Amino acid sequence: MEKTQSIQKSASRLLSGRYQVLALLLGAYLLIGAGLRVVLWVAFGRHSGVTPGQLALSLPLGVINDLVEALYLFLPLTLLVAVLPPRWVSGRARRPLLVAGVGLILFSMLYVAGLEYFFFEEFDARFNLVAVDYLIYPTEVIGNIRETYPVGIISLALAGAAAVLVAALWRLLPHRAADGIHHWPRRWRIVGAHVAAVAMAVVLVPGNALAVFNNRVANELAANGAASFFAAARTNQLDYDAYYRTGDPAALRRELRASLERDGSRLVDAGTMKRHFPAQASGLGRLNIVVLAEESFGSEFVGVLGDRRGLTPNFDALSQQGLLFTNAFATGTRTVRGLEAISASFPPIPSESIVKRPGHANVETWGEVLSALGYHSSFLYGGYGTFDNMNAYFGDNGFALSDRLDIDDPKFANIWGVSDEDLFRHAIDYFDQRAAEGRPFFSIVMSTSNHKPYTFPEGVPGVPASHGGRTAGVRYADYAIGRFFEEAARHDWYRNTLFVVIADHGARVYGSAEIPLHSYRIPVLVLAPGRLAPGRVDKPFSQIDLAPTVMGMLGLEYDAPFFGEDVLHRTPGGRHLLFNHNHEVALLEDDRIAILGLNQSASTWRFVPGTDDRGRATETFESMPADPALIDLATAYFQTAYELFKQKPLATRQEARSGG
């Protein structure tokens with residue numbers, strides 16, 4: 001009894017002294033975290049199948065996650081309070097110091113909560129690898145935020161909310177705070193206890209460890225946003241062998257070979273997985289190749305793929321003139337993922353895209369393959385190519401470059417780049433110059449307009465210049481596609497060109513599954529005016545299949561270490577699609593999916609398509625017995641891809657290019 005009373009007395013003395021403010025700030029932190037979870041559930045969680053019962057459980061789990069993260073976040077404050085002179089704690093300086101300090105901290109808490117809301121709106125997730133990537137390019141990201149949201153109004157509202165909280169906390173403090181802990185030994189015992197608690201948390205309690213739900217979004221609600229961000233920052237460029245499931249390299253490559261050679265290709269170098277693709281007598285020949293990589297042009301917006309809003313009349317009309325792939329998927333949810341898949345037919349290895357990794361020049365791309373066949377290869381971008389390391393990647397891997405700096409007097413531009421119309425006009429001029437050189441050309445043209453802040457040129461029918469949102473972005477992207485083909489048809493090279501319209505990724509990421517596959521569905525359309533009969537291909541198709549499939553359509557003979565397959569010349573059997581989402585990677589075969597995660601985790605699930613309560617396509621993953629063969633095949637793709645990316649230094653590649 002006496003011991004209990006002693007503990008209570010010590011705690012009371014602690015909370016009545018200089019550490020009382022920290023205790024109240026911790027309470028505010030926990031309250032804001034709980035309130036944010038409820039708001040996120042109302043706005044997004046309900047529509048992703050998070051039940052009220054799961055929300056009720058996520059709240060106490062979230063408090064635990066928040067307390068663990070608070071150990072780290074509050075440690076600097078504990079140190080600061082320990083070293084403050086007594087006159088700052090209980091003297092005249094106390095009131096302005098408390099008001100300013102507490103107000104700033106509360107405003108920061110609310111501001112981060114607001115950022116988490118808008119991030120969740122786009123990705124159905126707490127801060128993850130995408131958020132880390134955004135911080136690397138502050139000019140574009142901050143400009144996008146300013147053009148998309150009323151930052152001043154939101155900041156004023158949050159400042160007002162912080163002022164209300166300061167007033168509420170102030171009433172909980174004694175009017176005159178006597179410092180109950182002046183003595184240094186007592187202060188440093190508290191600091192020592194806090195440091196010891198942090199050390200124990202590092203060893204025993206990983207951040208956001210309480211992921212107990214089968215619903216991914218429910219786990220995201222329970223998570224702590226700061227913990228998610230710091231975990232993403234620590235794991236932005238992972239060593240695959242250290243964190244993911246591995247196997248015997250030789251055995252895995254044999255398994256991978258058996259999977260890849262079903263399209264008629266033949267492995268010629270087991271060390272590099274380079275395959276020989278034979279000529280196709282029925283091919284269209286050495287046509288120009290133009291790939292329009294459309295920003296965020298997901299299948300859910302496309303009329304010919306089932307949408308009823310009439311957003312894509314131009315794409316729908318063009319689909320009647322070309323070969324439409326109706327069951328196509330992106331490999332990831334970022335532009336760089338789409339670009340690595342399209343340009344290099346390369347799997348989306350965990351964490352960072354190869355476009356941005358050190359050693360990004362260590363890639364044999366589609367551009368290099370075509371350059372060896374006499375083509376001029378180029379990458380055209382409507383923004384500044386320094387963003388996401390695009391110019392460095394493409395420039396070091398066989399592509400000529402042209403970006404925003406080369407586009408004079410654009411009709412319209414925002415923070416991301418020039419309008420799609422300006423980009424496509426520039427592209428047509430560029431192709432005129434290449435055609436005049438007398439050799440075939442290959443170009444990947446990356447658009448930017450269909451992206452927040454969704455601002456567009458004035459006067460486009462059905463497209464407001466601003467505040468039209470994502471549907472306006474899709475309408476404008478489709479309008480620009482239509483204008484591009486209208487203008488291109490007037491040029492001599494038009495009928496000697498194979499065109500591809502493909503999305504870099506889908507639009508908003510949503511859904512309860514660990515890999516929300518419906519968000520990865522994209523349109524793929526191939527046109528060769530006067531040369532290719534219209535049709536539909538319902539076979540599963542991935543972005544990494546684009547290069548070998550187009551090369552097969554042209555009938556060209558070549559060697560390349562592509563991981564995709566020529567879908568049109570493949571023997572019947574299960575297709576393998578590859579995906580990345582945050583730290584997870586996956587392989588889908590028919591209705592079974594194998595997911596590889598951190599800490600060598602591996603699981604298999606049955607993929608069941610469905611719809612959510614808004615009528616949107618979604619899916620559930622039903623548990624099934626482990627499928628070792630499928631897990632081994634997933635390991636074969638991702639481990640081999642990582643090994644190939646890391647194994648050959650740039651010096652060797654340069655010698656190979658020069659014949660040395």
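Just so it is clear, the model here is predicted, and its values are computed rather than measured.
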Do the ring centers of [X] and [Y] come within less than 6.0 Å of each other?
X: Tyr558; Y: Phe277; answer: yes
X: Phe346; Y: Phe562; answer: no
X: Phe579; Y: Phe329; answer: yes
X: Phe119; Y: Phe123; answer: yes
X: Tyr240; Y: Phe638; answer: no

Can you check whether [Y]'s main-chain N or O pairs, donor with acceptor, with [X]'s side chain at less than 3.5 Å?
X: Arg275; Y: Leu260; value: yes
X: Arg253; Y: Ala270; value: yes
X: Glu300; Y: Asp307; value: no
X: Asn450; Y: Ser296; value: yes
X: Asn397; Y: His360; value: yes
X: Arg245; Y: Thr635; value: no
X: Trp416; Y: Lys452; value: yes
X: Tyr637; Y: Ile349; value: no
X: Asp545; Y: Ser542; value: yes
X: Ser378; Y: Phe399; value: no

Between the side chains of [X] and [Y], is a donor N or O closer than 3.5 angstrom to an acceptor N or O?
X: Asp269; Y: Thr272; result: yes
X: His276; Y: Asp559; result: yes
X: Thr246; Y: Gln639; result: no
X: Tyr393; Y: Ser343; result: yes
X: Asp538; Y: Thr326; result: yes
X: Asn599; Y: Ser601; result: no
X: Ser351; Y: Arg357; result: yes
X: Arg337; Y: Thr331; result: no
X: Thr335; Y: Glu295; result: yes
X: Ser299; Y: Arg521; result: no
X: Asp124; Y: Ser48; result: yes
X: His576; Y: Ser259; result: yes

Decide yes or no for [X] and [Y]: does some side-chain heavy atom of the first lie under 4.5 Å from some side-chain heavy atom of the second?
X: Ile515; Y: Phe607; answer: no
X: Met551; Y: Val369; answer: yes
X: Val524; Y: Leu324; answer: no
X: His581; Y: Pro516; answer: yes
X: Val217; Y: Phe44; answer: no
X: Ile444; Y: Leu380; answer: no
X: Ser447; Y: Glu294; answer: yes
X: Leu596; Y: Ile631; answer: yes

Is it true that, when you exclude Tyr243 itself, more than 12 heavy atoms of the residues, nucleotides or ligands shown sit nearer than 6.0 Å to its OH?
no
Heavy-atom closest pair, residues [X] and [Y]:
X: Ala227; Y: Glu69; value: CB-OE1, 3.2 Å
X: Asp263; Y: Gly564; value: OD2-O, 4.4 Å
X: Arg37; Y: Ala222; value: NH2-O, 3.3 Å
X: Ser58; Y: Leu221; value: OG-CB, 4.4 Å
X: Ala223; Y: Asn65; value: CA-ND2, 3.9 Å
X: Val302; Y: Thr312; value: CA-OG1, 3.5 Å

Enter the distance from [X]:[atom1] to [Y]:[atom2] here, rounded to the nearest 0.5 Å.
X: His505; Y: Ser519; atom1: NE2; atom2: OG; value: 11.5 Å
X: Ser603; Y: Leu630; atom1: OG; atom2: CG; value: 10.5 Å
X: Met553; Y: Ser282; atom1: CE; atom2: OG; value: 10.0 Å
X: Arg46; Y: Trp41; atom1: CZ; atom2: CH2; value: 6.0 Å
X: Leu252; Y: Leu256; atom1: CG; atom2: CG; value: 8.5 Å
X: Ile342; Y: Asp504; atom1: CD1; atom2: CG; value: 7.0 Å

Give the intermediate values and the outcome of ring pair (Phe, Tyr, Trp, His ring centres under 6.0 Å) for residues Phe315 and Phe297.
CA-CA 11 Å; Phe315 184 92; Phe297 201 68; 5.8 Å; yes
Between Phe541 and Leu546, does the side chain to side chain contact (heavy atoms under 4.5 Å, CB included) criterion hold? Intermediate values first, please.
CA-CA 8 Å; Phe541 184 91; Leu546 183 64; 4.2 Å; yes
Evaluate the side chain to side chain contact (heavy atoms under 4.5 Å, CB included) criterion for residues Leu323 and Leu568: first the C-alpha distance (whole Å), next the side-chain angles of each, then the deciding distance (0.1 Å), finally the verdict.
CA-CA 11 Å; Leu323 199 59; Leu568 301 180; 4.0 Å; yes
Take Arg570 and Glu565 through the salt bridge (charged side-chain N to carboxylate O under 4.0 Å, His left out) test and state the conclusion after the steps.
CA-CA 7 Å; Arg570 188 181 189 277; Glu565 299 179 63; 2.5 Å; yes
Kindly indicate, with the supporting measurements, whether the criterion side chain to side chain contact (heavy atoms under 4.5 Å, CB included) is fulfilled by Arg126 and Glu116.
CA-CA 6 Å; Arg126 299 286 188 164; Glu116 285 199 66; 2.6 Å; yes
Take Leu587 and Ile593, measure what side chain to side chain contact (heavy atoms under 4.5 Å, CB included) needs, and give me the verdict at the end.
CA-CA 6 Å; Leu587 179 144; Ile593 187 168; over 6 Å; no
With sequence neighbours left out, what residues match Arg592 under side chain to side chain donor-acceptor pair (under 3.5 Å)?
Glu589, Asp627
Between Arg334 and Asp388, is there a side-chain N and carboxylate O pair less than 4.0 Å apart?
yes
